[in-house]
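Labels below follow one simple rule: chain letters A, B, ... track the order of the sequence lines, proteins then strands, and each chain is numbered from 1. Hydrogens, waters and symmetry mates play no part in the numbers below; they use all other heavy atoms, side chains included.
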There are 2 protein chains.
Amino acid sequence: MSADEQIGSAREAAEDELVVTFGRLLGVANRLEFLVGRALEQECGISHLMYEVLLILGRAGGPGLAMSAIGRAQVLTTGGVTRLIDRMEAAGLVERADDPADRRGRLVRLTPLGEQTAVRATVLHRDNLRHLLADQLPAEHWDRFAEDLRVLSRAVAKEVPRLR
Amino acid sequence: MSADEQIGSAREAAEDELVVTFGRLLGVANRLEFLVGRALEQECGISHLMYEVLLILGRAGGPGLAMSAIGRAQVLTTGGVTRLIDRMEAAGLVERADDPADRRGRLVRLTPLGEQTAVRATVLHRDNLRHLLADQLPAEHWDRFAEDLRVLSRAVAKEVPRLR
DNA sequence: GAACAATAACTGAGCAGTCAGGTATCTGGG
DNA sequence: CCCAGATACCTGACTGCTCAGTTATTGTTC
């Protein structure tokens with residue numbers, strides 16, 4: 001037992017393997033989001049959250065996505081989505097249209113500028129991630145890691161309720 | 001190729017393996033933080049960030065930790081640390097003392113209530129994490145996952161500058 | 001088909017962080 | 001020794017979210 005693992009009530013309670021791993025998971029996620037978010041901000045003028053929204057809108061294509069779908073994909077309240085889309089619309093990245101199938105709803109879709117920005121941002125983002133991460137683990141570790149993460153992602157998503 | 005993987009400029013640019021994995025990493029982290037954060041809030045009256053601070057203060061022990069060390073451990077500006085510790089001090093979880101070795105600095109340490117809360121929160125937190133995660137992956141996957149995460153954590157931490 | 005609950009999006013108020021700028025203290029070179 | 005620059009923390013103004021409450025529309029039940 002090393003010097004910084006001595007006994008202490010708060011200390012010993014904390015040193016649970018899962019708790020520590022979880023702390024690291026959040027730490028890695030926070031720091032990576034900081035790093036790539038800063039780059040996206042500077043090079044493309046968008047936050048990382050906006051980038052994620054550009055991606056899911058790009059995947060959705062067609063007539064667009066409901067606000068509520070965006071709130072479920074990212075973890076946001078409806079108020080948060082409204083304001084996020086407000087800013088993205090003001091920046092010319094997306095546009096809102098009435099949903100012909102439900103007059104309460106709005107459909108959000110990419111503008112040409114939004115699509116263009118998504119492509120530009122992805123190139124930057126991908127290079128950034130490769131530079132930060134690719135050499136840190138051997139390729140087969142990455143494959144396993146990605147697969148495990150996929151499993152976790154599905155499991156955890158089910159536990160999160162829809163936010164209002 | 002399935003229906004939702006058709007060609008499209010924003011779409012094809014996005015489907016980079018690393019970008020998708022990164023998105024999932026952040027998604028899992030966000031959702032888990034939401035779930036365990038909500039439980040901590042309800043049961044112990046603290047945010048997950050406060051919990052992390054209680055942990056590192058518990059590990060540090062002794063005369064306490066400088067504000068700047070807290071800002072480095074979590075990714076926070078000095079202003080953010082000041083306000084976070086303000087709230088924690090108001091809640092009686094920590095206390096500030098002058099640093100005898102540097103009259104600019106303050107040392108932050110746990111109060112008895114803070115130590116007690118750290119223990120109580122950890123029990124809850126650990127059980128929550130087990131319930132959410134333990135059965136999702138076989139044990140040896142967890143070991144590999146935790147180890148890879150440890151490597152990533154060290155690599156990424158070096159890239160994040162100190163915030164002001 | 002009228003009443004009632006549920007749902008989609010929006011809004012005002014509040015809160016937790018950032019950013020930029022301030023003061024007090026420390027440190028190292030001339 | 002002293003002064004310039006770095007460092008530690010704090011503060012005012014701002015931002016981006018949440019929360020709770022509102023309106024408009026949809027689905028449901030009798």
Round to a whole Å and report the spacing from [atom1] of [X] to [atom2] of [N].
X: B/E33; N: D/dT18; atom1: CD; atom2: C1'; value: 14 Å
X: B/D98; N: C/dA24; atom1: CG; atom2: P; value: 15 Å
X: A/R164; N: D/dC17; atom1: CZ; atom2: C1'; value: 16 Å
X: A/L107; N: C/dA9; atom1: CG; atom2: P; value: 8 Å
X: B/R103; N: D/dA8; atom1: CZ; atom2: P; value: 16 Å
X: A/L49; N: D/dT18; atom1: CG; atom2: P; value: 9 Å
X: A/R38; N: C/dC19; atom1: CZ; atom2: P; value: 10 Å
X: A/L65; N: C/dA8; atom1: CG; atom2: P; value: 13 Å

So, is [X] close to the [N] phosphate, meaning a side-chain N or O under 4.0 Å from OP1 or OP2?
X: B/T77; N: C/dG17; value: no
X: A/R87; N: D/dC17; value: yes
X: A/R96; N: C/dC10; value: yes
X: A/T78; N: C/dA8; value: no
X: B/R106; N: D/dC10; value: yes

What is the nucleic acid contact for [X], judged by heavy atoms within less than 4.0 Å: base, sugar-phosphate only, or nothing?
X: A/T82; result: base
X: B/V75; result: sugar-phosphate
X: A/G105; result: sugar-phosphate

N/O donor-acceptor pair under 3.5 Å between [X] side chain and [Y] backbone:
X: A/T111; Y: A/G92; result: yes
X: B/T78; Y: B/R164; result: yes
X: A/T21; Y: A/E17; result: yes
X: B/D98; Y: B/P100; result: no

Kindly state each residue pair satisfying ring pair (Phe, Tyr, Trp, His ring centres under 6.0 Å) with at least one member in residues 19-42 of chain B, sequence neighbours excluded.
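Applying ring pair (Phe, Tyr, Trp, His ring centres under 6.0 Å) to every pair that reaches into residues 19-42 of chain B, excluding sequence neighbours, yields A/H48-B/F22, A/H125-B/F22.
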Residue pairs fulfilling ring pair (Phe, Tyr, Trp, His ring centres under 6.0 Å) with at least one residue in residues 86-107 of chain B, sequence neighbours excluded:
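Every pair satisfying ring pair (Phe, Tyr, Trp, His ring centres under 6.0 Å) with a residue in residues 86-107 of chain B: there are none.
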Could you say whether A/R83 or A/F34 is positioned toward the 5' end of DNA chain C, judged by the nucleotide with the nearest heavy atom to each?
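The 5'-side residue here is A/R83.
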Given DNA chain C, 5'-ward residue of the pair B/D102 and B/L163, judged by closest heavy atom
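By nearest-heavy-atom nucleotide position, the 5'-most residue is B/L163.
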Between B/T117 and B/Y51, is there a side-chain donor-acceptor contact under 3.5 Å, judged purely by atom types and distance?
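Short answer, no.
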A/V94 reachable from A/I70 in the ILVMFWY side-chain graph, under 4.5 Å edges
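Cluster IDs for A/I70 and A/V94 match.
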Judged by each residue's nearest nucleotide on DNA chain D, which is more toward the 5′ side, A/S47 or B/A69?
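Its nearest nucleotide lies further toward 5', so the answer is B/A69.
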base_contact_polar (D/dT26 base, A/R104 side chain, donor-acceptor, <3.5 Å):
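For A/R104, whose side chain was compared with the base of D/dT26, there is no donor-acceptor pair (under 3.5 Å).
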Under a 4.0 Å heavy-atom cut-off, which of residues 23-32 of chain B touch DNA chain D?
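Within residues 23-32 of chain B, no residue comes under 4.0 Å of DNA chain D.
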